[in-house]
Structure formats: C-alpha cells, structure tokens
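The sequence lines fix the lettering, A, B, ..., with proteins before strands; numbering per chain opens at 1.
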Amino acid sequence: MTYTEEMLKSMQLVAEKRAANAALEPTRMTADEKTNLLATYHPDYRQDKFKTITFGANKGEKAPIELVELLEANARIKAGDVDLEKPFYDVDVLIIGGGGAGSAAAIMADEAGAKVMIATKLRIGDANTMMAEGGIQAADKPNDSPAIHYLDVFGGGHFAAKPELVRKLVYDAPECIKWLSDLGVEFDKAPDGTMITTHGGGTSRKRMHAAKDYSGAEIMRTLRDEVLSRQIPVVDYTAAVELIKDESGAVAGAVLMNMETRELRVARAKTVIMATGGAGRLHYQGFPTSNHYGATADGLILGYRAGAKLFAEDSLQYHPTGAAFPEQIFGALVTEKVRSLGAKLVNVNGDVFQHPLETRDVCASGIIREVDDRKNGIKINDTTSGVWLDTPMIEYKNGEGTIEKRIPAMLRMFGKYGIDIRKEPILVYPTLHYQNGGLEISENGMSTVENLYVAGEAVGGIHGRNRLMGNSLLDIIVFGRNAGVNAAAKAKEVKLGKLTLDHIAAFDKERAEAGVVSDKVSPMLLPTYTHGNPVFEDKKAF
Amino acid sequence: MENMVNIYLYGKQYSVPANLTIMGAMEYAGYTLVRGCGCRNGFCGACATIYRIKGDRELKVCLACQTKVENDMYIATLPFFPLVKQVYDLNKIKPTEAVMMQLYPEIYACIGCNSCTKACTQGLNVMQYIAYAQRGEFEKCAEESFDCVMCGVCSSRCPAGISHPQVALLARRLNGKYLAPECGHLEDRVKEIKDGTFDELLESLMQKPISEMKELYNNREFEK
C-alpha cells in the first residue's frame with residue numbers, strides 16, 4: 001500500500017515509542033470527564049443531525065433525520081395491490097430476517113412444534129451477525145457473576161436500559177453459550193475446557209468468549225446449518241414490504257416482495273417475529289458503516305407504520321475503530337478484540353492518548369476529539385484523518401503468532417492490501433456500527449402491537465444508550481430464542497380474524513393531518529451506491 | 001482526472017476508477033446489486049468472483065468486496081453455486097469416519113487435483129481439510145477450514161463434485177459438540193442460575209435507585 005510521507009514519518013514515531021507505550025497503563029476517565037467528552041464529541045449530540053418525529057407512536061421524540069424521513073414516508077404498496085383472502089404462505093410463526101436472531105428464533109419455534117417460515121431479503125446469514133468479530137459475553141467464570149455483568153451492561157448503557165431486559169440478557173447468557181456449544185459452535189478453549197476470555201470496552205471482568213475473530217460467522221453458519229437441517233422453509237431474496245393485521249388489530253402476517261421479480265405474495269401468520277437488524281446503511285451523518293448491505297432499518301419502519309413504539313431511536317453506536325485506510329475498506333470493522341489483545345490507540349506523535357478499552361461511545365468520542373479538535377490525527381486524504389491502532393504491540397506483548405491465531409480475519413483483511421498488521425500499525429476512525437434503540441419489547445419479546453415480536457438489533461431497550469462489545473451476539477441469541485419460544489406458544493391460542501391493510505390508509509391520514517408531505521417510499525430495502533459516477537447521480541436502487 | 005482502468009464485466013467493457021473494489025466498480029458502472037452482495041466486508045461469501053487478466057492464462061478467484069480492480073480484468077461473479085447440504089440431526093450422529101462415508105461419500109472420490117485449494121478465495125488448504133475429513137480427523141479438518149466463508153468456488157472447480165464447505169461445516173459442528181473439551185465452569189454457572197443462586201442479588205440491583213447504581217458502577221473493580 002502506498003503510504004504518504006506523513007504516514008511513514010508518524011509510523012516511525014509509533015515504532016520508536018512502542019516499548020514505552022506498551023508498558024504504559026493509561027488511566028480511565030472519571031464519570032464527569034466521560035459525560036463532558038460525550039456531550040462535546042459524540043455524534044448523537046449533534047442536534048442539527050436530528051429531527052422531531054411529527055406523528056405516530058413516538059410523536060415529539062427525536063431521531064436521526066434519515067430515519068425520520070423513512071418512518072414518515074409512504075408505504076410501497078396500497079391495500080388493493082394484493083388479495084389478502086388468498087395467502088400464498090400460511091404459517092404459525094413468520095420470521096422476517098435471516099440473521100442470528102431470526103435463525104435462533106426459528107430453531108426454537110420449530111422445536112416447539114410450530115409451523116415456521118423465514119423470509120429474508122438477501123440470503124439467510126447475510127446479516128450483521130455474520131460480521132461480528134470480537135466475541136460474545138457471558139458471566140460464566142468463578143470471579144464473575146450475572147450481577148457484575150448486569151452492572152457493566154446497565155452502567156455502560158448510561159442507566160437507560162430496561163432493567164427486566166438486562167436481567168434476562170445476563171441471566172440467560174451462560175445457557176445460551178451452552179446451547180451454541182451443543183449446536184457445535186467452536187469457542188476458543190484451553191485444553192482443560194476453560195473458555196479463553198478477554199476484556200471488551202467497559203467490561204469489569206474478562207467474559208468475552210470468542211471463535212478467533214470469526215465469532216459471529218461461526219455462530220451464524222452453525223445456526224444456518226441447523227435451520228437447514230431442520231428443513232425450516234427459508235424464502236430468500238424476499239423482503240417484507242408491509243405488515244398485515246387482522247380486524248382485532250393484532251399483527252397477522254406480511255406482504256412479501258421478491259427482490260428480483262418484484263412479485264408480491266401474502267404471508268399469513270398467527271405471530272410475526274421482526275428480526276430485520278440494524279440501520280448502518282442509512283449512513284447517518286454521512287458516516288461510513290461496518291454493517292452488511294441490507295442494514296436499512298426496515299423492521300423499525302414496518303413496525304412503526306403498524307403502530308409499534310420505538311425506544312431510544314435517537315441512540316446510535318459508532319464503533320471506535322473502523323478502518324480508515326486503505327480506502328477500499330473504509331469503514332470496515334476492526335474488531336475491538338485487537339484492543340482486548342493489547343493494541344493501543346496512538347496519535348500522530350506516537351503518543352497514547354486514552355485508555356483503549358473505555359466503552360465504545362467514550363472511546364469513539366475520544367478519537368474524534370484527538371483528530372478534529374486536538375489535530376493530532378494522521379491525514380489520509382482531503383476529507384479523512386485517523387489515528388493509529390498499534391497492532392504490532394499485540395505480538396510485542398504476547399509473542400509472535402498471536403495475531404494469526406487470535407485475529408486471522410484482521411490479518412487477512414489488511415493483508416489483501418499489502419499491509420502486514422503484525423509489523424505495521426493500522427489507521428482507524430469511528431464507523432457507524434450499531435443501532436442502540438429500536439422497537440420496544442417487553443420481557444416476552446412482544447412489541448407494543450399484539451402478536452408482533454421483535455428480536456435482535458431491531459429491538460430497543462436492552463442496551464440503553466450504548467451497547468458493550470459482545471452483548472449484541474449475546475442479545476440476538478437470548479432474545480431470538482425467547483421470541484421463538486413465546487411466538488410459538490402464542491400462535492397456539494391465536495384465532496385469526498379477517499386480514500386487513502387498513503393501517504396504511506390510517507397512517508396516510510395521520511401524515512396528512514400532521515401536515516407532512518413525503519415523496520419517499522419505505523422500507524428502503526437496499527442502499528444505492530454509484531461511487532461518484534455522474535451518469536447515475538439521481539439513481540435509486542429500490 | 002481520476003485514474004481510470006478498463007475492466008470487462010461479463011465481457012462488456014467499462015471504464016472505472018482504479019481505486020475501486022470489483023464490487024464498487026460494478027456499482028460505478030451502473031449495476032444494482034441484489035445477488036452477489038452481502039456483508040461487503042469479506043465474511044459472508046456472497047460475492048465470489050472469477051477473473052482473468054487479459055493475456056494471462058491463469059484463472060484467479062476472489063471476493064469482489066475485498067479486491068481492487070486492475071486494468072484489463074475479465075470478471076464473472078458467482079453469486080450462487082449449488083452446493084449439496086445433507087440434512088442431519090447433530091444429536092443423532094457421532095464423530096466417526098462412518099459419518100462422512102454416509103453423508104458425503106463423494107469426498108472419497110477426490111482425485112487429488114488440488115483445484116479446490118487453488119480456487120479458495122480465502123487462501124485455505126482445501127484439499128488438505130478434505131483429506132482430514134476422509135480420515136475422520138475432524139479436529140484438524142475444523143482448524144484447517146475455520147476461515148471458510150462458504151463462497152463455493154472450490155466446489156465449482158471440483159471434478160469429483162464435492163461440496164467442500166458443507167463437509168467442513170459438518171466437521172466443525174462435530175468437533176465443537178463432541179470433540180472439544182467440556183467446559184466445567186460453564187456447566188456450573190448454568191446450574192447456579194437455574195438454582196436461583198443470584199436471584200436475590202439481581203432483584204436487589206434492579207430495585208436500587210439510579211444514584212446508587214451510578215455509585216456502584218463508577219467504583220467497580222476491574223479484573224487485570
């Protein structure tokens with residue numbers, strides 16, 4: 001890779017100071033320092049990037065402009081576009097989304113004897129789960145307990161999470177690790193079976209379980225294999241474009257659209273589980289994202305239009321270490337595990353400027369301050385600067401071979417561009433990573449709309465206003481399983497009434513009454529990228 | 001003026017900026033990707049791609065999201081490949097050589113041509129992990145195949161019709177479930193939670209006012 005003169009000079013300083021930096025134990029910030037840092041530098045505090053929701057269940061609350069525009073946009077279909085009397089699919093539990101949460105839900109609902117179907121707009125496994133690298137938390141070691149885990153989650157999320165959801169998260173964690181193990185997930189273990197665990201940002205105990213730095217991929221491919229082995233129907237390249245209700249107002253299915261032919265089909269279901277994941281591809285505030293191609297907040301849009309309430313919809317997570325160089329992987333995730341293993345954050349002068357394992361919101365804000373305010377970043381191009389993540393420090397501390405064994409995906413990702421992270425530090429800058437908020441659920445996984453369950457990143461309330469590393473892989477399993485069990489049980493007692501799409505017109509009426517005019521349709525389904533080609537300036541993919 | 005290169009998407013020529021990945025170049029050229037695009041970060045295997053540089057005999061493979069375009073690149077993507085995945089109940093099979101014989105007998109028809117290894121977008125030693133699977137050495141097969149993203153290019157090149165990624169996945173699940181050492185502290189903790197060991201403590205935490213929770217949080221001890 002071609003480094004600039006400035007990069008090479010700075011890299012030299014990083015190498016010279018490595019030994020001293022490795023020995024350094026940077027202090028953690030005080031509560032007040034963190035509060036001030038966040039208020040000044042965290043993107044969630046940039047008021048001009050947010051907008052008030054003008055109608056619907058969360059009227060009067062703030063959310064990112066891009067999300068509000070989609071929440072208030074027009075439906076893709078009209079009630080008359082499909083014949084609700086003739087459902088093409090008729091199931092007990094319809095799961096929308098084929099990531100980790102949807103797959104875990106499907107397995108449990110199937111186990112409970114329900115007739116289950118997964119509809120997913122890409123393929124099963126094309127999901128943020130697949131890309132989660134660092135690990136999954138569970139308080140299963142003798143020096144740890146669910147109570148300590150609870151405190152880390154609740155405090156790390158700024159005391160804004162729903163306590164009963166946090167309790168479920170930490171309580172079910174060990175059992176979920178066992179469940180995954182029994183399904184054949186290969187966790188990193190010592191020869192005696194002890195889990196090899198590390199810290200994540202904001203964890204007070206080493207409880208990060210991992211499968212190298214393919215933790216999410218290992219979990220996802222195992223769940224997918226189990227779904228397919230159980231022969232649960234997976235309808236791929238098929239997006240949900242609208243929820244269907246019955247005359248009682250309970251959710252009773254969805255209108256599905258073939259992503260390739262655009263054909264519409266009706267799926268009737270006694271219960272629906274929304275497991276559509278995150279929103280990184282909305283590129284809030286122009287940030288790059290670590291998310292997969294389909295992360296466009298579809299579930300939030302569909303749920304909101306059907307009357308479901310959102311929780312903390314104004315809270316996003318910017319992962320401190322997105323790749324900032326080379327440009328081909330701009331915004332890609334550099335797992336927190338790199339810091340768990342000992343790499344420190346270093347500025348242009350080769351100096352460590354903060355503790356590497358503060359919570360993600362604090363850590364990201366500190367990097368933004370170092371670059372934007374203190375001007376201690378390394379210039380990458382006219383629009384981008386970053387800071388060093390001193391990867392060679394990992395092997396300096398832990399010995400040769402550590403990187404290949406523990407973070408092979410990182411070694412490969414940079415290696416493809418001629419960067420050997422064992423020898424050269426890498427440049428990073430925060431990237432849009434996670435939607436802390438989402439559809440509100442109660443402990444049984446149901447949203448505020450009858451028979452609409454939610455699981456995974458589409459849920460709001462589990463992590464408060466900041467999620468800790470390793471608690472997302474955990475939450476998709478805990479709450480995916482939970483939703484599957486409860487949706488299957490509920491399906492047994494549901495008597496479906498006549499199906500309707502009346503909520504579309506009702507929503508249109510609310511929009512008109514609020515005086516909002518929108519020329520947009522939602523859900524977005526896929527982002528549009530043209531990489532600056534002027535010919536396609538106004539292109540819209542979907 | 002940006003530095004441009006000529007590439008050929010399915011044989012048709014396009015001029016694209018030289019700094020783009022193959023996936024980016026397709027989008028620059030005007031393609032709307034639905035298939036052949038998943039995580040965009042090298043983990044999902046959706047964008048398996050085969051290419052050849054004009055004048056070069058060698059056929060190369062890559063992930064479109066992880067590879068920069070080059071001048072005179074002839075590109076064909078492989079957004080789907082019909083891998084064979086056998087259906088099984090992991091609880092009812094055991095990590096024996098016979099399992100592979102039963103579920104994926106075609107691995108024993110491997111002729112050792114090594115085309116799979118040459119075709120791996122992750123640079124894995126595919127033929128070696130199939131050899132381990134043939135011998136029932138599931139732990140070795142699991143380790144050797146661990147970084148597989150299941151893109152399927154290996155299988156597209158296999159004269160014996162082996163679905164390598166599925167064989168490896170079965171080996172990894174068998175290894176994870178049956179061969180990896182059991183974890184005592186995990187079993188203990190699951191039991192403690194079931195027995196209600198932490199119920200009172202958790203309940204009291206949930207009842208505490210936020211001010212007290214802040215106090216506890218800000219003064220917690222960190223494991224070194």
Side-chain angles (χ1 to χ4, degrees), chain A residues 31 122-123 125-126 130-131 140-143 145-147 150-151 154-155 159 163 167 171 174-175 177-178 181-186 189 191-195 204-206 212 214 217 221-222 225 228-229 231 237 259-260 290 292-293 327-328 332-333 408 413 416 529-531 533 535-536 541, chain B residues 17 19-21 24 27-30 32-35 37-44 46 66-68 85 87-90 122-123 142 146-147 149-150 169 172-177 180-187 189-190 193 198 201-202 205-206 210 213-214 216-218 220-223:
Chain A
L122 295 168
R123 307 171 307 169
D126 288 345
M130 189 65 101
M131 313 163 72
D140 61 9
K141 292 212 162 161
N143 72 340
S145 84
Y150 182 98
L151 194 57
F154 197 58
F159 311 94
R167 177 178 55 189
Y171 250 177
E175 192 190 332
I177 299 289
K178 185 170 158 37
S181 263
D182 289 344
L183 283 171
V185 169
E186 300 188 287
K189 288 179 184 172
D192 69 351
T194 304
M195 293 282 178
S204 62
R205 294 292 183 278
K206 293 180 179 174
K212 302 190 182 182
Y214 285 96
R221 63 197 181 192
T222 302
D225 194 61
L228 299 177
S229 273
Q231 299 180 280
Y237 293 104
M259 292 288 284
E260 293 177 308
S290 59
H292 83 108
Y293 189 40
E327 63 180 295
Q328 290 79 18
L333 179 64
M413 181 166 87
K416 282 185 176 169
Y529 296 118
T530 60
H531 306 279
N533 188 343
V535 177
F536 300 114
Chain B
N19 58 355
L20 293 178
T21 60
E27 290 168 332
Y28 180 91
T32 297
L33 302 177
V34 176
R35 278 184 191 266
C37 179
C39 75
R40 303 179 73 103
N41 276 274
F43 287 91
C44 79
Q66 299 290 298
T67 310
K68 215 161 79 129
K85 189 222 135 21
V87 165
Y88 42 77
D89 180 346
L90 199 67
Q122 291 283 85
F146 192 81
D147 296 7
V149 294
M150 306 188 75
L169 183 53
R172 284 194 303 272
R173 288 191 69 184
L174 286 168
N175 187 49
K177 183 175 175 68
E182 280 193 30
C183 178
H185 62 80
L186 177 63
E187 303 284 342
R189 184 53 48 82
V190 169
I193 290 175
F198 304 99
L201 189 56
L202 251 293
L205 269 183
M206 288 176 69
I210 297 291
M213 288 299 283
K214 283 189 175 166
L216 283 173
Y217 180 73
N218 292 331
R220 87 212 128 107
E221 267 177 43
F222 285 81
E223 177 183 358

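- Heavy atoms of Ile193(B) lying under 4.5 Å from chain A belong exclusively to its side chain.
- In this structure, no portion of Leu174(B) lies under 4.5 Å from any heavy atom of chain A.
- Residues Pro142(A) and His185(B) share a closest heavy-atom pair of CD-CB, 4.3 Å.
- Distance check: Gln328(A) CD to Thr67(B) OG1 gives 10.0 Å after rounding to the nearest 0.5 Å.
- Between the side chain of Glu221(B) and the backbone N or O of Ser204(A) there is no donor-acceptor pair closer than 3.5 Å.
- Taken from CG in Asp225(A) to CG in Leu169(B), the straight-line distance is 4.0 Å, to the nearest 0.5 Å.
- Residue contact with chain B, scored on non-hydrogen atoms closer than 4.5 Å, involves the side chain of Asn143(A) exclusively.
- Proximity of Leu33(B) to Tyr293(A): side-chain heavy atoms (C-beta onward) are separated by under 4.5 Å at one or more points.
- Within the 4.5 angstrom heavy-atom criterion, only side-chain atoms of Glu187(B), from C-beta onward, approach chain A.
- For Tyr529(A), the parts lying near chain B are the backbone and the side chain together; criterion is any non-hydrogen pair under 4.5 Å.
- Across Leu205(B), Asp89(B), Leu216(B), Val149(B), the residue that shares the most heavy-atom pairs under 4.5 angstrom with chain A is Leu205(B).
- Here the closest non-hydrogen pair linking Pro181(B) and Asp192(A) is CB-C, 4.2 Å.
- Of the possible polar contacts, none joining the Lys189(A) side chain to the Cys183(B) backbone as a donor-acceptor pair under 3.5 Å is found.
- Only the side chain of Asn218(B) comes within contact range of chain A, with at least one heavy atom under 4.5 Å from a heavy atom of that chain.
- Arg220(B) touches chain A through its side chain: at least one heavy atom from C-beta onward sits under 4.5 Å away, while N, CA, C and O do not.
- Here CD of Glu223(B) is found 5.5 Å from NZ of Lys206(A). Values are rounded to the nearest 0.5 Å.
- Top candidate by heavy-atom pairs under 4.5 Å with chain B, chosen from Leu228(A), Val185(A), Leu183(A), is Leu183(A).
- The candidate with the highest count of non-hydrogen atom pairs below 4.5 Å against chain B, out of Gly155(A), Ala147(A), Ala31(A), is Gly155(A).
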For His531(A) and Leu20(B), run side chain to side chain contact (heavy atoms under 4.5 Å, CB included): C-alpha distance rounded to whole Å, both residues' side-chain angles, the deciding distance at 0.1 Å, then the answer.
CA-CA 8 Å; His531(A) 306 279; Leu20(B) 293 178; 4.1 Å; yes

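- Contact annotation for Lys178(A): both backbone and side-chain heavy atoms come within less than 4.5 Å of a heavy atom of chain B.
- Leu122(A) touches chain B through its side chain: at least one heavy atom from C-beta onward sits under 4.5 Å away, while N, CA, C and O do not.
- Chain A forms the most heavy-atom pairs under 4.5 Å with one residue out of Val87(B), Thr21(B), Val190(B), Asp147(B), and that residue is Asp147(B).
- Counting only distance, with no hydrogens or angles, the side chain of Asn533(A) and the backbone of Tyr28(B) share a donor-acceptor pair below 3.5 Å.
- The choice from Gln66(B), Arg172(B), Met150(B) that makes the most heavy-atom pairs within less than 4.5 Å of chain A is Arg172(B).
- Between the CD1 atom in Ile177(A) and the CZ atom in Arg189(B) there is a gap of 12.5 Å [rounded to 0.5 Å].
- Looking at Glu182(B), only its backbone comes within 4.5 Å of chain A, counting heavy atoms on both sides.
- For chain A, the option among Lys214(B), Gln122(B), Met213(B) with the highest count of heavy-atom pairs below 4.5 Å is Gln122(B).
- Taking CE from Met130(A) and SG from Cys39(B), the interatomic distance works out to 7.5 Å, rounded to the nearest 0.5 Å.
- Looking at Tyr217(B), its side chain never comes within 3.5 Å of a backbone N or O of Phe159(A) through a donor-acceptor pair.
- Both the backbone and the side chain of Leu186(B) come within less than 4.5 Å of a heavy atom of chain A.
- Annotation: maximal heavy-atom pairing with chain B below 4.5 Å, among Ala332(A), Pro163(A), Ser181(A), Pro146(A), occurs at Pro146(A).
- The candidate from Gly184(B), Cys37(B), Ala142(B), Gly42(B) with the greatest count of non-hydrogen atom pairs under 4.5 Å with chain A is Cys37(B).
- Smallest separation of non-hydrogen atoms from Ser229(A) and Lys85(B): OG-NZ, 2.9 Å.
- Heavy-atom minimum distance, Arg123(A) versus Ala46(B): NH2-CB, 3.3 Å.
- Heavy-atom minimum distance, Met259(A) versus Val34(B): CB-CG1, 3.9 Å.
- Considering only heavy-atom pairs separated by less than 4.5 Å from chain A, the leading option among Arg40(B), Lys177(B), Arg173(B) is Arg173(B).
- The part of Tyr150(A) that comes within reach of chain B is its side chain, from C-beta onward, which places non-hydrogen atoms under 4.5 angstrom from that chain.
- For the set Met131(A), Met413(A), Gln231(A), the count of heavy-atom pairs under 4.5 angstrom toward chain B peaks at Met131(A).
- For chain B, the nearby parts of Arg221(A) are the backbone and the side chain; heavy atoms of each come within less than 4.5 Å.
- In this structure, CG on Asp126(A) lies 10.5 Å from CZ on Arg35(B), to the nearest 0.5 angstrom.
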Between Glu27(B) and Thr530(A), does a side chain to side chain contact (heavy atoms under 4.5 Å, CB included) hold up when you go through it step by step?
CA-CA 5 Å; Glu27(B) 290 168 332; Thr530(A) 60; over 6 Å; no

